[in-house]
Protein chains: 4
Amino acid sequence: MAHRIIILGASGYTGAELVRLIALHPQMEIVALSADRKAGLEMRDVFPHLSHLSLPVLKKIDDIDLADADLVFCALPHATSQAVIHKLPDHVKVVDLSADFRINDPEVYSKWYGKPHDAPDLQKIAVYGLTEFYRAEISKARLVAGTGCNAATGQFALRPLISAGVIDLDQIIIDLKTGVSGAGRSAKENLLHAELSEGFHAYAVGGQHRHLAEFDQEFSALAGRPVTVQFTPHLMPANRGILATVYVQGAADAIYNALEAAYAGEPFVQLLPMGTHPSTRHIRGSNFCHIGVVEDRIPGRVIVLAALDNLTKGSSGQAVQNANLMLGCDETTALMMPPVFP
Amino acid sequence: MAHRIIILGASGYTGAELVRLIALHPQMEIVALSADRKAGLEMRDVFPHLSHLSLPVLKKIDDIDLADADLVFCALPHATSQAVIHKLPDHVKVVDLSADFRINDPEVYSKWYGKPHDAPDLQKIAVYGLTEFYRAEISKARLVAGTGCNAATGQFALRPLISAGVIDLDQIIIDLKTGVSGAGRSAKENLLHAELSEGFHAYAVGGQHRHLAEFDQEFSALAGRPVTVQFTPHLMPANRGILATVYVQGAADAIYNALEAAYAGEPFVQLLPMGTHPSTRHIRGSNFCHIGVVEDRIPGRVIVLAALDNLTKGSSGQAVQNANLMLGCDETTALMMPPVFP
Amino acid sequence: MAHRIIILGASGYTGAELVRLIALHPQMEIVALSADRKAGLEMRDVFPHLSHLSLPVLKKIDDIDLADADLVFCALPHATSQAVIHKLPDHVKVVDLSADFRINDPEVYSKWYGKPHDAPDLQKIAVYGLTEFYRAEISKARLVAGTGCNAATGQFALRPLISAGVIDLDQIIIDLKTGVSGAGRSAKENLLHAELSEGFHAYAVGGQHRHLAEFDQEFSALAGRPVTVQFTPHLMPANRGILATVYVQGAADAIYNALEAAYAGEPFVQLLPMGTHPSTRHIRGSNFCHIGVVEDRIPGRVIVLAALDNLTKGSSGQAVQNANLMLGCDETTALMMPPVFP
Amino acid sequence: MAHRIIILGASGYTGAELVRLIALHPQMEIVALSADRKAGLEMRDVFPHLSHLSLPVLKKIDDIDLADADLVFCALPHATSQAVIHKLPDHVKVVDLSADFRINDPEVYSKWYGKPHDAPDLQKIAVYGLTEFYRAEISKARLVAGTGCNAATGQFALRPLISAGVIDLDQIIIDLKTGVSGAGRSAKENLLHAELSEGFHAYAVGGQHRHLAEFDQEFSALAGRPVTVQFTPHLMPANRGILATVYVQGAADAIYNALEAAYAGEPFVQLLPMGTHPSTRHIRGSNFCHIGVVEDRIPGRVIVLAALDNLTKGSSGQAVQNANLMLGCDETTALMMPPVFP
């Protein structure tokens with residue numbers, strides 16, 4: 001019998017991506033969808049690309065019986081998940097796609113997100129959702145916190161290097177380029193087609209982006225000492241995809257070997273041959289992450305490049321991967337579709 | 001046991017799309033891939049988005065044992081399929097994605113394609129591959145001719161109307177917009193990114209496009225009299241998708257009803273509610289075709305809009321759908337993935 | 001001495017385009033800029049591409065002395081120009097870029113725009129701003145009504161044909177494709193980059209688009225009898241440009257000759273050789289309009305294609321061209337910049 | 001009387017951009033255009049966006065009287081300029097847009113460009129064409145070597161910092177994103193629209209890009225010691241524009257002050273207020289370069305961002321700026337057009 005699934009926040013891009021993936025999942029059944037401002041509409045009115053599917057009508061959260069689910073995907077805006085998840089009965093598992101439970105230190109959370117956490121008890125039990133590195137904990141978790149999409153990309157490039165001790169921890173720069181769907185579906189002037197297409201710019205430069213909280217937390221924990229990276233995100237005129245160009249200092253062979261060892265058996269993370277590099281177009285619409293390593297002409301300098309789809313491996317695909325583990329399904333179920341190119 | 005599949009012409013976009021679809025097909029196994037100019041390479045060298053798959057190395061056609069297959073997908077350039085298919089043993093079924101077997105009259109073929117047909121005997125037995133309208137013949141066919149992607153789009157909008165006799169056969173205009181992947185992967189100046197992005201133009205205006213041969217053949221056969229349409233294709237700055245804006249004269253209700261009756265049970269063709277219209281972005285990467293009908297302010301004038309993905313429903317998805325029928329698989333196998341949006 | 005210019009509504013795309021053009025106009029000086037919601041900001045805060053220019057700070061309309069101008073460009077939202085222009089002193093000339101004064105019949109205006117006109121007296125004296133066809137009236141006008149950008153494109157293709165009596169007036173179809181900047185700079189979900197890029201759709205299908213009011217008014221006046229056209233606009237994933245594909249019935253030579261005669265001495269309208277067709281990318285950023293004529297394979301059917309930049313020749317360039325005439329400047333001043341390609 | 005201008009290599013993008021700019025130059029007249037493979041064609045056949053201009057027919061170089069010119073713009077492919085320029089009479093000034101004369105050391109040239117230089121005598125007298133830093137030499141030069149477009153962008157960000165001694169010379173990283181027109185108009189599979197749009201990738205990673213030769217030469221000369229930078233170019237899905245994200249170590253104030261002092265009186269280089277950053281869309285189609293400075297959260301780390309249009313300020317605009325100096329025209333003539341946005 002299929003697991004009963006509820007998606008909260010179904011009218012955003014990550015909500016729609018969850019539906020896209022679960023549509024082909026043989027062991028999951030969507031029993032309710034919430035979208036407060038679009039309650040009463042059919043999903044096909046909000047996302048016509050899903051119009052061939054039979055889906056529950058959109059409801060307000062308060063009109064949904066959240067107890068009648070095995071697992072809830074919570075794709076609500078940041079800072080709104082906390083109250084909702086707090087009210088869920090204990091038997092309901094949760095994968096939260098917001099930033100609410102990524103940071104386990106309440107003070108760090110309030111520093112980066114500008115408000116105290118509403119559910120510090122849940123914050124303690126939430127497992128960080130980077131599947132490849134928290135697989136055991138996720139399998140047993142009740143609440144998994146989906147990672148930031150940029151944070152995931154940078155970590156795929158860097159975690160094995162920090163764990164293996166093969167790079168200088170004080171000389172890490174993540175120059176990252178992300179597609180516009182990562183900014184969500186809200187109607188903002190700076191996200192209009194006429195504002196973004198045919199152009200390119202950096203944003204949140206100089207250490208302001210909230211995903212830095214994840215880098216700091218995770219890298220420092222791995223290293224056993226504070227690690228502070230430089231991180232410059234850019235918005236690229238493409239809908240999907242993230243490319244992280246990561247500058248590190250260390251020996252290229254040791255770096256390559258550390259990545260190879262870390263991802264040897266991984267179904268979704270692919271290390272390309274030494275010297276080749278990934279493109280966002282080659283992982284579009286898929287749950288794969290491609291990683292490349294190139295040695296610089298300056299001895300001891302290495303560039304590591306990582307590419308993934310922000311809506312799939314960076315959020316909703318990761319969420320389904322985690323839910324698979326939590327529900328006892330095969331981890332790759334409904335996630336093996338190849339990228340869509342061109 | 002899986003059906004043994006060979007793909008000829010695997011280094012083009014329709015070849016790659018076939019691999020993408022078959023990758024998740026539980027009853028098909030790719031046993032050989034050809035690409036004459038790229039023989040010796042791995043598919044991942046030519047299409048890095050497929051690098052997670054275990055695939056046969058690319059070979060020259062002459063180095064492949066074509067007899068060792070249940071079905072061959074022939075994704076070769078126009079006019080080159082004929083000789084290859086002619087040499088195949090009788091037990092091997094063929095889905096040809098080129099234009100070689102779409103036109104059953106040798107004289108019409110040579111008029112539009114500028115050369116006599118090399119395999120007129122095969123031309124006679126080839127079945128036109130518009131699945132929804134030739135299902136029975138395709139199920140029993142040895143050789144199926146994939147349709148033109150533009151030709152498919154226009155026919156989804158018009159065939160039921162011609163069959164039902166609800167439109168004026170002398171006043172049909174198909175104004176069509178197609179994505180650039182339809183032009184293939186050949187290195188041509190006029191297909192460069194810098195030439196095409198941020199712009200829009202018509203081409204083959206005035207009745208020159210070869211897909212008119214298909215419209216003429218099919219519509220005339222349906223009507224039992226010659227039908228000649230106007231057809232203006234345009235190139236849009238998007239990689240995938242075709243939108244046909246079809247101008248007809250008739251009663252809107254009768255037109256809508258004819259489409260509704262024709263597509264009632266169809267898994268892939270979706271008629272939208274009266275007055276709504278489709279978008280190419282809502283079928284991207286999928287095998288679905290969306291159709292809309294709008295009544296004009298001028299009495300007796302109606303606009304029918306049809307959208308599909310040229311690489312999927314317009315060619316490789318259609319090809320797999322036909323192969324499913326030919327091999328006795330469920331027709332929708334490996335084709336139910338939702339569109340990728342955004 | 002330079003003419004003193006005020007631009008009302010400077011924070012929208014047509015306002016910015018006016019500034020771009022006037023920046024190089026030797027006989028115009030911008031003395032005030034309005035933008036009610038962004039009052040107090042510098043233009044460079046709102047449009048960083050203009051940051052090299054010394055421009056007046058943005059003000060609320062009520063804080064500007066409108067009498068201190070020779071000419072006001074009014075780039076306000078539809079239905080808001082009427083009240084503003086009504087209050088201007090008589091010596092101030094006005095080019096209105098909104099739809100407020102395009103329609104000279106108050107009843108027709110209220111039918112299409114859903115409200116009675118607030119300044120019917122001004123409506124009577126406003127001159128329709130399609131320069132090439134109202135040059136004499138514009139030169140003497142106090143108030144010129146800029147045309148709709150789609151309406152301009154369709155008229156460049158059709159007016160000479162209607163005047164010359166060379167086409168069937170009851171069989172005119174305008175299938176038009178427009179860039180997204182035509183929808184303005186307002187923050188709407190359906191104008192987001194992620195919603196529009198890599199896709200294509202029709203809108204206002206079936207005779208609902210307001211620019212039809214202009215087609216009806218102008219074509220009927222030219223023909224001396226009611227002319228009702230079909231008009232289907234589409235949104236293309238490009239920022240600038242309009243392509244109108246116009247289907248007419250008549251003799252190709254007569255049609256070509258009528259266009260040639262009409263545009264022989266025109267500096268901005270270029271008739272391409274018979275059988276060639278224009279592209280929006282080849283007029284981008286310029287005040288040029290390219291027109292092509294192609295004979296269809298069906299005798300008596302002809303396709304006329306017209307391309308222009310919606311923000312330049314379709315609105316702000318047209319507005320400057322009209323202002324040049326009204327102020328006694330050479331008509332082409334500040335408008336001869338070549339298109340920007342690629 | 002206008003200066004007589006010849007453009008060699010007029011069928012490429014930089015050639016067309018030269019024509020676009022010179023079209024409005026009151027003191028330059030184009031007397032000949034070469035395009036060997038397209039000789040005999042009109043410029044409007046090769047670049048329809050220039051069809052309103054009266055231009056000489058395209059000829060083979062050998063059919064042009066190169067002596068009959070005051071100045072030749074040489075927009076030929078790399079390594080082909082040398083022989084042509086060598087044959088020019090002494091009275092003809094030359095602006096070469098290729099890489100042939102950028103590197104003044106013959107050994108360095110042959111290392112990066114894979115062949116010995118054919119005109120080492122000219123190599124000695126060629127002046128490096130970064131106008132803002134070689135103004136005096138350019139004014140007196142007979143032969144000016146246009147810079148690489150990426151090399152120009154990086155130098156605008158870094159030269160004042162190196163000259164002022166305010167950054168660590170051993171910790172410079174240039175992460176650069178460039179539009180596809182920089183790759184030229186040659187028909188290559190990897191430059192097709194379907195290959196590039198909606199994606200992003202790095203290329204020439206690790207110190208392989210030829211513009212490094214310019215960085216090495218110029219930065220080392222400025223510093224009076226060898227300076228070796230890291231440089232990673234990326235291809236972005238946009239036609240025009242370069243953004244350089246430059247990571248340096250030093251004090252933010254000193255860095256900002258050095259840039260402010262360097263560019264105080266410059267007409268084309270604009271330093272944005274501290275903490276703001278440029279976008280390629282805000283310099284598109286113009287000769288402006290926008291520069292921003294942001295302090296990182298890590299003390300002593302600073303990000304400098306520079307944006308320009310590769311075809312204008314990065315090549316053809318720079319070339320006209322240099323030609324203005326060489327011919328005694330005002331340096332800004334024909335170059336003050338504002339950027340085209342959106």
Side-chain angles (χ1 to χ4, degrees), chain B residues 11-17 20 35 37-38 41 45-51 149 177-203 234-242 280-281 284-285 309-312 314-316 340-342, chain D residues 11-17 20 35 37-38 41 45-51 149 177-203 234-242 280-281 284-285 309-312 314-316 340-342:
Chain B
S11 63
Y13 292 141
T14 54
E17 186 79 347
R20 177 173 84 92
R37 281 179 305 168
K38 301 194 173 171
L41 294 178
D45 300 324
V46 178
F47 285 114
H49 71 292
L50 300 173
S51 61
C149 52
K177 299 85 179 172
T178 184
V180 298
S181 64
R185 207 187 198 190
S186 45
K188 295 179 182 164
E189 183 184 290
N190 65 342
L191 299 179
L192 295 178
H193 186 282
E195 299 287 318
L196 290 182
S197 78
E198 279 287 306
F200 196 89
H201 67 280
Y203 66 100
H234 301 74
L235 205 55
M236 65 178 179
N239 286 337
R240 285 173 178 253
I242 296 178
T280 61
R281 61 184 64 80
R284 183 167 54 218
D309 185 319
N310 56 299
L311 287 180
T312 320
S315 51
S316 300
V340 178
F341 173 85
Chain D
S11 63
Y13 292 141
T14 54
E17 186 78 347
R20 176 172 85 92
R37 280 179 305 168
K38 301 195 173 170
L41 294 178
D45 301 323
V46 178
F47 285 114
H49 71 292
L50 300 173
S51 60
C149 52
K177 300 84 179 172
T178 186
V180 297
S181 64
R185 208 187 197 189
S186 45
K188 295 179 182 164
E189 183 183 292
N190 65 342
L191 298 179
L192 296 179
H193 185 283
E195 299 288 316
L196 289 182
S197 77
E198 279 286 307
F200 195 90
H201 67 279
Y203 67 99
H234 301 74
L235 206 53
M236 64 178 178
N239 285 337
R240 285 173 177 253
I242 296 177
T280 61
R281 62 183 66 81
R284 182 166 54 215
D309 185 319
N310 55 300
L311 287 180
T312 319
S315 51
S316 300
V340 179
F341 172 83

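From a predicted model like this one, the values you see are computed outputs, not experimental measurements.
Note on Ser181(B), Ser186(B), Ser197(B), Ala238(B): by heavy-atom pairs under 4.5 Å with chain D, the leading option is Ser197(B).
There is no contact between Ala183(B) and chain D, counting heavy-atom distances below 4.5 Å.
Atom CZ in Arg240(B) sits 12.0 Å away from atom CD in Glu198(D) (nearest 0.5 Å). Between atom CD of residue Glu195(D) and atom NE2 of residue His193(B) there is a gap of 11.5 Å, rounded to the nearest 0.5 Å. Note: Glu189(B) CD to Leu191(D) CG = 11.5 Å, rounded to the nearest 0.5 Å.
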